[in-house]
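For ligands, and for the atoms within them, numbers begin at 1 and follow the listed sequence. Counting from 1, the numbers follow the sequence of the chain as shown. Predicted model, so just to flag it, every value in this text is computed and none were measured.
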Amino acid sequence: MADDNHQQQRPAAAASDAAAAAPQPGSASSSPHQPTVIICIGMAGSGKTTFMQRLNSHIHTVKAPGYVVNLDPAVAQLPFGANIDIRDTVNYKEVMKQYNLGPNGGILTALNLFTTKFDQVLNLIDKRAPTLDYILLDTPGQIEIFTWSASGTIITDTLAATYPTVVAYIVDTPRSTSPATFMSNMLYAVSILYKTKLPFVLVFNKTDVVDHAFAVEWMTDFEAFQAALEDDESYMGGLVGSMCLVLEEFYKGIRVAGVSAMTGHGVDDFFEKIAEARTEYETEYRPEIERLLQEKREKEEARRTESIAKLVHDMKLDKGAEVDLGSAYDDAVEPRDVEDEENR
Ligand SMILES: Nc1nc2c(ncn2[C@@H]2O[C@H](COP(=O)(O)OP(=O)(O)OP(=O)(O)O)[C@@H](O)[C@H]2O)c(=O)[nH]1
Ligand SMILES: [Mg+2]
């Protein structure tokens, strides 16, 4: 069965070994039906959880079967029914007490503890995968807990090694109307893009409050952004202005969707962008994983061949040569006769 195949190939969840978990070319996992994994990442309060709820209700409406995973141990109330909820496995408040940690340390440690069992989560997902269209993941409020931790990398890389995976980076649009905040958000987005190397959709949320047209203009028209900067009193003006040029490449290749998680506006367009991003995964990310896997196999093979050659060489050198046991054995007691031994 396809899932069994996945499970056999799955390494003990380790980021560096993610490529080893990749499907073999032509294996079951490159079969036509695979769910798309959408990982929702964004600054605290950007609307990840509300957006997850919106996505969940949308896929129910269009009858696209989905699987929902909550990775935020600190969420008080989930507005959607999660198939897997980190809170069922670890209680982050207990973790804080037990390890004498603050809230962020508690959330990070809870995520680390959960990740030690992530192979079990993957087994559950693998079993359901052939019948699913989407796998949705909500991440902790403090963005760096997921994006800069080993656990976040392990979870992302292991999923991406098997399933078409896309990052949905949620931006709080009303809070990004100042050029400096906008730039900070974009710099964070670009760092995540280069870290995960996964296809990316930039989701401007809360468009019911502020339309995201200004953001699209800033991304496509350098002068419009500069003009907005001139009106900004912030001391960061010079730095932000120069950063803008650095981000030009990022802006060119990025997919943008404006949504309101609250009203549902723009969700259809978001799913179109997800479909495009999935195609990018198939054409760019997966071949790269397979190349890495092939490289790893070749290195392993070369290492094995070299050790065998060394062993054969050593055996040839020693062949027929007398072994000198050294003078220490000159006065040694004669070994007892085996027959004497047996007659005793
Ligand atoms: N007006 C408006 N408010 C929204 C929208 N999406 C989310 N919110 C509000 O933004 C606040 C934060 O939303 P959450 O969904 O909890 O955001 P989050 O990113 O999951 O928050 P953390 O997990 O704590 O980082 C809540 O008060 C939501 O009601 C939206 O599209 N429009
Ligand atoms: Mg949340």
Side-chain angles (χ1 to χ4, degrees), residues 37-59 61 66-93 95-96 102-111 114 135-149 151-152 155-156 166-177 181-182 184-186 188-189 191-192 200-216 256-271 273-274:
V37 178
I38 304 175
I39 306 178
C40 291
I41 297 176
M43 298 284 184
S46 54
K48 300 176 289 293
T49 306
T50 315
F51 188 58
M52 284 280 295
Q53 179 190 16
R54 176 59 59 190
L55 297 184
N56 193 31
S57 89
H58 178 89
I59 60 176
T61 311
Y67 202 75
V68 185
V69 183
N70 171 42
L71 295 176
D72 184 359
V75 66
Q77 258 190 334
L78 264 193
F80 50 82
N83 296 84
I84 295 174
D85 189 341
I86 186 172
R87 296 173 308 164
D88 295 337
T89 315
V90 271
N91 178 339
Y92 98 100
K93 286 199 173 149
V95 170
M96 275 170 68
N104 286 338
I107 297 171
L108 177 62
T109 308
L111 188 67
F114 179 77
I135 298 169
L136 311 175
L137 276 88
D138 193 8
T139 58
Q142 298 299 327
I143 188 168
E144 67 279 7
I145 287 178
F146 190 77
T147 52
W148 297 107
S149 68
S151 311
I155 292 172
T156 309
V166 179
V167 171
Y169 185 81
I170 323 291
V171 179
D172 188 328
T173 315
R175 284 215 197 149
S176 304
T177 47
T181 323
F182 178 79
S184 309
N185 227 328
M186 292 304 109
Y188 218 107
S191 70
I192 294 171
F200 212 78
V201 180
L202 202 53
V203 183
F204 285 100
N205 188 28
K206 310 191 186 181
T207 53
D208 56 299
V209 182
V210 173
D211 191 84
H212 71 299
F214 77 90
V216 175
V256 175
V259 303
S260 165
M262 200 75 104
T263 65
H265 180 261
V267 171
D268 287 327
D269 178 49
F270 168 78
F271 274 99
K273 299 281 160 42
I274 288 292

Check each atom of ligand 1 against the heavy atoms of [X] and keep those under 4.0 Å away; list them by number with element.
X: A44; value: 25 (O)
X: D208; value: 1 (N), 2 (C), 30 (C), 31 (O), 32 (N)
X: T50; value: 6 (N), 7 (C), 13 (O), 14 (P), 15 (O), 28 (C)
X: D72; value: 23 (O)
X: K48; value: 15 (O), 17 (O), 18 (P), 19 (O), 20 (O), 22 (P), 25 (O)
X: S46; value: 19 (O)
X: V209; value: 1 (N)

Just by distance, do the side chain of [X] and the backbone of [Y] share a donor-acceptor pair under 3.5 Å?
X: K48; Y: G42; answer: yes
X: N70; Y: I86; answer: no
X: R175; Y: S46; answer: no
X: S260; Y: K206; answer: no
X: T109; Y: G106; answer: no

**Asked** Which class fits the ring pair F204 and F182: parallel under 30°, tilted 30 to 60°, perpendicular over 60°?
**Response**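 The arrangement is parallel - the two ring planes meet at less than 30°.
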**Request:** On the 0 to 90° scale, with breaks at 30° and 60°, tag the F271-H58 ring pair as parallel, tilted or perpendicular.
**Result:**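 It falls in the parallel class, under 30°.
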Identify, for [atom], the protein heavy atom at the shortest distance, and state residue, atom and that distance.
atom: atom 3 (N) of ligand 1; value: M262 CE, 3.3 Å
atom: atom 5 (C) of ligand 1; value: K206 CG, 3.6 Å
atom: atom 20 (O) of ligand 1; value: T49 OG1, 2.7 Å

Would one find an N or O of [X], backbone or side chain, under 3.5 Å from an N or O of ligand 1?
X: N205; result: yes
X: P140; result: no
X: D138; result: no

**Item:** Contact with ligand 1 for G45, non-hydrogen, under 4.0 angstrom
**Value:**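 Yes, G45 has a heavy atom closer than 4.0 Å to ligand 1.
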**Asked** Can you name the closest pair of heavy atoms from V267 and L55 and give their distance?
**Response**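 For V267 versus L55, the nearest heavy atoms are CG1-CD2, 4.5 Å.
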**Prompt:** Would you say T49 has an N, O or S atom lying under 2.8 Å from the Mg ion (ligand 2)?
**Reply:**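 Checking the Mg ion (ligand 2) against T49, an N, O or S atom does fall under 2.8 Å.
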**Message:** Nearest non-hydrogen contact with atom 31 (O) of ligand 1 belongs to which option: G42, A261, C40?
**Reply:**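 Of the listed residues, A261 has the closest heavy atom.
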**Message:** Is atom 27 (O) of ligand 1 near the protein, in the sense that some protein heavy atom lies at less than 4.0 Å from it?
**Reply:**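 When distances to the protein are checked, atom 27 (O) of ligand 1 has no heavy atom within 4.0 Å.
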**Message:** Are the side chains of Y92 and L111 in contact, using a 4.5 Å heavy-atom criterion?
**Reply:**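 They are not in side-chain contact.
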**Request:** Report yes if the side chains of L202 and M186 come closer than 4.5 Å at any heavy-atom pair, otherwise no.
**Result:**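 In short, these two side chains touch, coming nearer than 4.5 Å.
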**Asked** Just one of I59, V69, N83 clears the side chain to side chain contact (heavy atoms under 4.5 Å, CB included) bar with L136, so which one?
**Response**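 Testing each of I59, V69, N83 against L136, the sole residue satisfying side chain to side chain contact (heavy atoms under 4.5 Å, CB included) is I59.
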